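Just below is one structure, and these are the notes that go with it.
These figures come from a predicted structure and were not determined experimentally. Each residue takes its place number in the sequence, starting with 1. We count ligands from 1, going down the list as the structure has it; atoms in each ligand are counted the same way.
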Amino acid sequence: MRDLTAYDAILCLRCLLCGAEYAPEEVRYVCPHHGNEGILDVVYDYAAIAARVDRDALAVQPQQDMWRYLPLLPVATPALCPPLAVGWTPLVRAERLGRRVGFHDLWVKDDGRNPTASLKDRASALAMIKARELGAATITTASSGNAAAALAGMAASVGLPAVIFVPATAPEAKVAQLLIYGATVVLVEGTYDQAFDLCIEAADRRGWYCRNTAYNPYMTEGKKTAAYEIAEQLGWQVPDCVVVAVGDGCIIGGLHKGFRDLHALGWIERLPRLIGVQAEGSAVLHDAWQRGTDEIRPIVPRTIADSISVGVPRDRLKALRAVRETDGVFVTVSDTEILAAMRELARLTGVFAEPAAAAAWAGARRAIADGLVHKDERVLVLVTGNGLKDIPAAMHAVEGHGRIVRLPPSAALEEWLAQTEE
Ligand SMILES: *Cc1c(COP(=O)(O)O)cnc(C)c1O
Ligand SMILES: [Zn+2]
């Protein structure tokens with residue numbers, strides 16, 4: 001099964017704006033009629049896929065990473081899969097966290113357990129294959145941090161040079177990841193949105209392969225594997241709701257695609273409602289959703305959750321469709337709620353999430369409080385990145401909430417133990 005892929009089951013790449021259809025060899029990134037706005041969706045012949053693979057075949061598939069789903073992925077050359085084990089991250093029942101809010105069927109999937117510690121590895125791994133299939137000499141991306149770290153790590157694993165555009169404000173740990181993997185780092189004195197445009201221009205001029213979120217149609221295809229895992233790890237009994245943080249909208253669009261694939265194949269009976277969580281200071285998609293339009297009003301974003309700090313969400317159409325077509329909702333959370341969610345998630349599940357990832361739990365809490373989710377429902381919170389990526393944010397989260405004792409290394413221990421209960 002390792003050599004079977006969905007590449008020859010691709011019917012076309014279809015523009016979300018005009019519906020124009022292209023063969024995979026015909027276009028590299030976006031619909032030529034619509035510039036950077038012409039995001040493409042990869043359309044498959046599900047009957048062809050279903051003829052080759054089913055749930056039973058997967059059940060005996062020994063590969064414990066995202067490549068177990070190669071028969072559903074648009075990969076032409078499986079031999080080019082990066083060697084790092086991406087995906088098949090733990091999905092655990094969160095009993096104590098659930099009890100805190102009166103829910104008994106609450107689950108957490110920890111995608112911080114990927115090789116570079118975020119869900120972005122799923123997309124970057126696929127980008128690496130595409131770049132090598134095309135024989136590109138260099139790969140590039142713009143990122144608020146995690147997509148960059150993921151690309152730098154995947155590039156290092158196969159020895160392909162990477163050039164990364166990140167805002168100069170990216171957390172230090174993420175920049176450290178880029179540098180340690182040997183990527184060339186362009187620190188843009190501006191926003192992620194500006195880095196995005198610079199990267200596309202550089203890629204155009206130099207012929208580099210560009211991984212930019214949304215612009216590159218295959219990133220959704222990598223991220224959709226998280227939905228496959230949620231379904232398979234839960235024995236194909238999908239949650240009623242999946243809650244995830246949203247910046248550009250590519251992850252939530254990827255989840256939607258993944259669940260739609262499984263539904264089209266007849267492997268799941270229904271799609272979960274998708275709940276998109278945005279930071280109050282970066283709530284462009286929430287705003288468009290509330291106004292019932294696809295037109296966004298760009299902003300200058302402000303939130304501690306750097307990974308979802310996005311003023312011009314690039315995957316707006318896929319994100320808005322994901323929520324609308326699954327009868328889902330968007331909710332917003334404040335930075336204070338995000339910091340509280342970091343603590344609560346860590347203390348009641350043992351999962352240490354970066355601010356953007358913890359925003360999903362903050363959003364789940366908000367949805368529960370607003371009566372948007374029922375206490376008998378099965379709810380899954382997708383943790384998208386690891387907390388070690390942003391130590392200052394974690395220290396901020398525990399200000400006034402940490403137990404810490406300072407002791408001189410002498411008789412003081414006796415004294416302290418005497419005052420302290422067992
Ligand atoms: C990128 C990212 C998100 C948001 O994903 P989008 O595709 O931009 O919506 C959420 N959490 C983390 C940790 C991320 O790195
Ligand atoms: Zn078009």
Which residue supplies the protein heavy atom nearest to atom 12 (C) of ligand 1, what is that atom called, and how far is it?
T384 OG1, 3.2 Å
Distance-only N or O hit between ligand 1 and A357, under 3.5 Å:
no
Nearest to atom 5 (O) of ligand 1, what protein heavy atom do you find, and at what distance?
I251 CD1, 3.2 Å
Starting from the C-alpha separation in whole Å, work towards a yes-or-no answer on ring-ring contact (aromatic ring centres under 6.0 Å, His included) for Y29 and Y209.
CA-CA 10 Å; Y29 306 116; Y209 187 73; 5.7 Å; yes
Criterion side-chain hydrogen bond (donor to acceptor under 3.5 Å, both in side chains) on S118 and K389, from CA distance to verdict
CA-CA 9 Å; S118 86; K389 282 173 171 278; 4.8 Å; no
Angle at the Zn ion (ligand 2): provide the value between SG of C18 and ND1 of H34, rounding to 10 degrees.
110°
Answer yes or no: is there a donor N or O on one side and an acceptor on the other, between the side chain of Q278 and the main chain of V246, under 3.5 Å?
yes
Show me which atoms of ligand 1 lie under 4.0 Å from any heavy atom of I308.
3 (C), 4 (C), 10 (C)
Ring geometry between Y22 and H33 (parallel below 30°, tilted from 30 to 60°, perpendicular above 60°):
tilted
Hey, which atoms in ligand 1 end up nearer than 4.0 Å to a heavy atom of N146?
13 (C), 14 (C), 15 (O)
Ionic contact status for D41 with K257, cut-off 4.0 Å:
yes
As an exercise, identify every atom of ligand 1 less than 4.0 angstrom from a heavy atom of C250.
6 (P), 7 (O), 9 (O)
pair V284-V312: side-chain heavy atoms closer than 4.5 Å:
no
For T213, state whether at least one heavy atom is located under 4.0 Å from any atom of ligand 1.
no
Decide, yes or no, whether a salt bridge links R122 with D111 under the criterion of side-chain N to carboxylate O below 4.0 Å.
yes
With respect to W267, which candidate in D261, V238, V53 satisfies the side chain to side chain contact (heavy atoms under 4.5 Å, CB included) definition?
V53
Using distance alone, decide if ligand 1 has a nitrogen or oxygen within less than 3.5 Å of any nitrogen or oxygen in E354.
no
Which atoms of ligand 1 are found less than 4.0 Å from any heavy atom of G249?
6 (P), 7 (O), 8 (O), 9 (O)
If we only count heavy atoms from C-beta on, is the P239 to L234 side-chain gap below 4.5 Å?
yes
Can you tell me which residue and heavy atom of the protein come closest to atom 1 (C) of ligand 1, and the distance to 0.1 Å?
K120 NZ, 1.3 Å
Can you confirm whether E201 sits close enough to F165 that some side-chain heavy atom of one is under 4.5 Å from a side-chain heavy atom of the other?
no
Per-atom filter on ligand 1: closer than 4.0 angstrom to a heavy atom of G247 are 4 (C), 6 (P), 8 (O), 9 (O)
Looking only at protein heavy atoms, which one is nearest to atom 8 (O) of ligand 1, and how far off is it?
D248 N, 2.8 Å
Please determine if A356 has a nitrogen or oxygen closer than 3.5 Å to a nitrogen or oxygen of ligand 1.
no
Counting only heavy atoms, which portion of S118 has something under 4.0 Å from ligand 1: side chain, backbone, both, or neither?
neither
Out of all atoms in ligand 1, which are within 4.0 Å of some heavy atom of G385? Include the element for each.
13 (C)
